[in-house]
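Lettering of chains follows the sequences in order, A, B, ..., and the numbering in each one begins at 1. These numbers come from the heavy atoms of this one structure, side chains and all, not from hydrogens, waters or symmetry mates.
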Amino acid sequence: MLRFQNTMSRRLENFEPINPPNVGIYTCGPTVYDYAHIGNFRAYVWEDLLHRYLTFKGFNVMQVMNLTDVDDKTIKSSHKLGISLDEYTEKYKKAFFEDIDTLNIERAQVYPSATEHIDDMVQLVRMLLDKGIAYRGDDDCIYYSIAKFPGYGKLSGKRPEHLIAGARIKHDEYEKEEWADFALWKAWTPEDGDVFWETPLGKGRPGWHIECSAMSMKYLGESFDIHTGGEDNIFPHHENEIAQSEAATGKTFVRYWLHCAHLIVEGRKMSKSLGNFYTLRDLIEKGYNPLAVRYLLLATHYRQHLNFTFDGLNASQSAIERLEEFFDMLTDYSQRDILGTDRKVTDAINDGLKGFEKAMDDDLNISGALGAVFEMVRKINKISADDGITVADANYGIEAVNKLNSVIGVLKKEERKLPDELQKLIKERETARKRKNFARADEIRKKLLDMGIELKDTPDGTKWKLRKS
RNA sequence: GGCGGCGUAGCCAAGCGGUAAGGCAGAGGCCUGCAAAGCCUCCAUGCACCGGUUCAAAUCCGGUCGCCGCCUCCA
C-alpha cells in the first residue's frame with residue numbers, strides 16, 4: 001500500500017485517490033526569470049520520481065506544473081533589458097524545458113502560464129469579493145482577509161495570532177486591514193510600465209498565490225489529489241492557496257500535501273556570495289554527466305536535506321556505471337545460448353523488484369529502493385561469475401531493469417553503434433593481438449582513445465565504450 | 001519569540017523496538033600480452049552525548065550539546 005507523509009496531518013497516510021486510477025497532481029513550477037539552479041531541480045526531479053512511480057503503480061497521472069511568467073522579478077528584469085515581458089520570459093521558459101530534458105525529467109501533462117490565465121484568476125478573485133472575503137485597499141489593490149477564513153494556518157501550523165512580525169518584515173503597511181493579508185490583485189503602478197491587464201477588477205496584474213489556485217482548479221478540479229512543492233512553499237504560498245480555494249469553493253482543496261526539503265552544497269547553504277551556487281548548465285559545462293546529477297538529486301529521500309557535493313557527484317557517476325555494466329552483462333547473456341532457467345536468478349530478480357516497490361511504497365523511500373536494486377545486482381553478478389546466466393533469465397533481468405529504470409530514469413538507451421571504419425579498426429586490432437603484434441594493437445587502441453573511444457579486452461572479446469568526460 | 005527538522009563508518013545514505021541495507025572510496029583476490037574496465041570477498045560490538053523505560057533501543061521517554069529550515073522573493 002502506497003503511503004505518503006502528508007504535510008497537512010504530519011502523518012503517513014495511505015494514498016487513496018479521489019477517482020482511481022486517475023491521479024491529479026499540481027506542482028509549483030519555476031518563475032521564469034533566470035536559469036533554474038540545482039536546488040530547484042532537486043524539487044523537479046523528485047516530482048518526476050513521484051510522477052513516474054505513480055505510473056509504475058498503474059495510476060493514470062495528470063500532472064500540472066505552472067510557469068510563473070509575471071511577477072516583480074520578471075517585470076523588473078525585462079524593463080532593465082528594454083524588452084517585452086513575453087520576450088524575456090520566453091527565453092527562460094525555453095531554457096527550463098531544455099534543462100528538464102537534460103535531466104531526463106518526463107513532461108507534465110500541462111504547463112499553464114500565468115499570463116494566459118488572467119481571466120480565470122479574475123473570476124476567482126471576483127468570487128472572493130462577492131463572498132466578502134476579499135476587499136479593496138486604499139491603494140486599489142485587492143487583498144485577502146485572512147481573518148475571514150477560520151482554517152487559516154492549518155497547513156503550516158502558523159496561526160494568525162502567532163504571525164508576529166519578524167525582523168525583516170516592515171510593519172507600516174496601512175493599505176491592508178491586517179498586515180498578514182496578502183494581495184490577490186495588484187493595481188497598476190508606473191513601475192509596471194506596459195505590463196498590465198484591463199479587467200473588471202481594474203487595471204493591474206495578479207498576485208502570486210492566486211495563479212496556483214486558479215490554474216490548479218481549472219485543470220484538476222476544485223478538489224484534487226496531490227499538491228507538491230519545496231518546503232519553503234508551505235508558508236505562505238500553499239497556506240494562501242488553501243485559503244483562496246477553499247473560501248471560494250467550500251470544498252477541500254487538496255488531499256495530500258507533499259513537500260521536499262532543501263538542498264545544501266558542500267554542507268553549506270547555496271548562495272552566490274559563497275561561490276557555491278550552481279545552475280544545471282554550470283555542472284554540464286564542468287563536464288559532469290547529467291544523469292549523474294539526476295542520480296544525486298534523486299538518491300536522497302525527499303524529506304531529508306540533500307547535501308550536494310562533487311564527491312557525491314562522482315560517486316553517483318560510478319553507481320550509474322555499475323548499473324550500466326549490469327545491464328550490458330545481461331544483454332550479452334541474452335544473446336548467447338545457455339538454455340533453461342536458474343531459480344536463484346529469478347529469485348534474486350523478484351526480490352529486487354519486491355524490495356524496490358516495498359521501499360518506494362513507504363513514502364518514496366528511494367534510498368531503500370536503490371539498496372534493493374544493488375543487492376539484486378550483486379547477487380546476479382555472483383551467479384554470473386560462478387555459473388553464467390541463461391537466455392531466459394537474462395531476458396527476465398532486462399525486463400526488470402527496464403521496469404526499474406522507468407522509475408529512476410538514470411540509464412539512457414543510446415544507440416550503440418560505431419562507424420564501419422572504426423569497427424574494422426577494432427577487428428584489425430583483434431587480429432594483431434592474436435598474432436602477438438602488440439605494438440600495432442596498442443597503436444590502434446591509442447588512436448581510438450584519442451577519438452574518445454575506450455577499448456577493453458575482456459574474456460568475451462574486445463568491447464568499447466565512449467569515454468566519460 | 002513562534003513552528004519544525006536533523007546528528008548512523010573516510011564521504012553519501014537507509015533502517016524508526018528484535019540485535020547495523022546500499023552506493024562511493026579503501027584493502028585483498030580473479031581475469032589479463034600490457035592497460036583499462038569489470039566481477040568477487042573484506043570493511044561500524046556500534047548509530048552526537050548523558051540518563052531512563054524494556055527480556056531487547058540507532059529506534060521509545062527525559063535532558064545536554066551541535067547543525068539547519070520556515071515566520072509574505074525563495075524548490
Notebook entry, point to check: With both distances under 3.5 Å as the test, what is the Watson-Crick or G-U wobble partner of B:rA58?
Noted result: none
Notebook entry, point to check: Just to confirm, is there a sub-4.0 Å distance from OP1 or OP2 of B:rG22 to any side-chain nitrogen or oxygen of A:Arg378?
Noted result: yes
Item checked: Nearest-Å distance once atom P is located in both B:rA44 and B:rG2 -> 44 Å
Notebook entry, point to check: If you measure from the P atom in B:rC50 to the same atom in B:rC70, how many Å do you get, rounded?
Noted result: 32 Å
Check: What's the CZ-P distance between A:Arg10 and B:rC16, to the nearest Å?
Finding: 22 Å
Check: Quantified in whole Å, what is the C1' atom distance between nucleotide B:rC73 and nucleotide B:rG66?
Finding: 30 Å
Check: Between the base of B:rC70 and the side chain of A:Lys158, is there a donor-acceptor distance below 3.5 Å?
Finding: yes
Next item on the list: Take atom C1' in B:rU19 and the same atom in B:rU8, then report the distance between them in whole Å.
Entry: 16 Å
Check: Contact class for A:Gly229 (heavy atom, under 4.0 Å): base, sugar-phosphate, or nothing?
Finding: sugar-phosphate
Item checked: Nearest-angstrom distance, C1' atom, B:rC68 to B:rA57 -> 26 Å
Check: Which residues within residues 290-303 of chain A lie with some heavy atom under 4.0 Å of an atom in RNA chain B?
Finding: A:Thr300, A:His301
Next item on the list: Flag the pair A:Phe253 / A:Phe224 as yes when their ring centroid distance falls below 6.0 Å, and as no otherwise.
Entry: yes
Check: When we call it a touch if two heavy atoms are under 4.0 Å apart, what does A:Leu263 touch: a base, just sugar-phosphate, or nothing?
Finding: base
Checklist line | Atom C1', compared across B:rC6 and B:rU59: separation rounded to whole Å | finding: 15 Å
Check: Planes under 30° and centres closer than 5.5 Å, is that true for A:His262 with the base of B:rG69?
Finding: no
Check: Who are the side-chain hydrogen bond (donor to acceptor under 3.5 Å, both in side chains) partners of A:Asp34, not counting sequence neighbours?
Finding: none
Next item on the list: Quickly work out the A:Leu364 CG to B:rA14 C1' distance and round it to whole Å.
Entry: 14 Å
Margin query: Checking contacts here: which listed nucleotide (B:rC40, B:rA21, B:rA75) is nearest the side-chain heavy atoms of A:Asn381?
Written below: B:rC40
Checklist line | side chain to side chain contact (heavy atoms under 4.5 Å, CB included) partners of A:Ile264, counting only residues at least two apart | finding: A:Asn307
Next item on the list: Would you check if the side chain of A:Arg294 reaches a backbone N or O of A:Asn104 as a donor-acceptor pair within less than 3.5 Å?
Entry: yes
Next item on the list: Answer yes or no: is there an ion pair linking A:Lys358 with A:Asp362, defined by an N-O contact shorter than 4.0 Å?
Entry: no
Item checked: Rounded C1' spacing from B:rG7 to B:rU64 in Å -> 14 Å
Next item on the list: Calculate the interatomic distance between A:Asn307 atom CG and B:rG7 atom P; express it in whole Å.
Entry: 13 Å
Margin query: Could you check whether A:Tyr35 and A:Tyr92 have their ring centres less than 6.0 Å apart?
Written below: yes
Checklist line | All side-chain hydrogen bond (donor to acceptor under 3.5 Å, both in side chains) counterparts of A:Asp311, not counting sequence neighbours | finding: none
Next item on the list: Give the B/S/- string for nucleotides 28-36 of chain B, one per nucleotide from 5' to 3', where a protein heavy atom under 4.0 Å of the base yields B, of only the sugar-phosphate yields S, and otherwise -.
Entry: ---S-BBBB
Next item on the list: Could you tell me which nucleotide pairs with B:rU53 by Watson-Crick or G-U wobble geometry, both distances under 3.5 Å, or answer none if nothing does?
Entry: none
Notebook entry, point to check: Mind checking who B:rG7 pairs with, Watson-Crick or G-U wobble, both distances under 3.5 Å?
Noted result: B:rC65
Note to self: Check the orientation of A:Tyr143 and A:Tyr135. Use parallel for under 30°, tilted for 30 to 60°, and perpendicular for over 60°.
What the structure shows: tilted
Margin query: How many whole angstroms separate atom CG of A:Leu12 from atom C1' of B:rG15?
Written below: 14 Å
Check: If only atom types and distance count, is the side chain of A:Asp457 paired as donor or acceptor with the main-chain N or O of A:Thr462 below 3.5 Å?
Finding: no
Next item on the list: Find which nucleotide of RNA chain B each of A:Glu231 and A:Ser318 is nearest to by heavy atoms, and output the residue with the more 5' nucleotide.
Entry: A:Ser318
Note to self: When the C1' atoms of B:rG22 and B:rC55 are compared, how many Å lie between them, rounded to an integer?
What the structure shows: 31 Å
Next item on the list: Whole angstrom is fine here: how far is it from CD in A:Gln304 over to P in B:rG69?
Entry: 15 Å
Item checked: Protein-nucleotide distance (A:His259, atom NE2; B:rC6, atom P), rounded to Å -> 17 Å
Margin query: Going by purine N1 to pyrimidine N3 plus the second Watson-Crick contact, or the G-U wobble pair, all under 3.5 Å, which nucleotide sits opposite B:rC39?
Written below: B:rG29
Notebook entry, point to check: Looking at A:Tyr44 versus A:Phe96, is the centre-to-centre ring distance below 6.0 Å?
Noted result: yes
Item checked: Length of the CG-P vector between A:Asp311 and B:rG26, whole Å -> 12 Å
Note to self: Looking at every heavy atom in both A:Asp387 and A:Lys344, which two are closest together, and how far apart are they?
What the structure shows: OD2-NZ, 3.8 Å
Checklist line | Non-neighbouring partners of A:Ser9 that pass side-chain hydrogen bond (donor to acceptor under 3.5 Å, both in side chains), sequence neighbours left out | finding: A:Glu13
Next item on the list: Give one of base, sugar-phosphate or nothing for A:Asn40, where a contact means two heavy atoms less than 4.0 Å apart.
Entry: base
Next item on the list: Establish, with yes or no, whether the OP1 or OP2 oxygen of B:rG15 is under 4.0 angstrom from a side-chain nitrogen or oxygen of A:Asn365.
Entry: yes
Checklist line | Whole-Å distance separating the CD1 atom of A:Ile234 from the P atom of B:rG69 | finding: 15 Å
Notebook entry, point to check: Starting at the 5' end of RNA chain B, which residue's closest nucleotide do you reach first, A:Glu375 or A:Glu47?
Noted result: A:Glu375
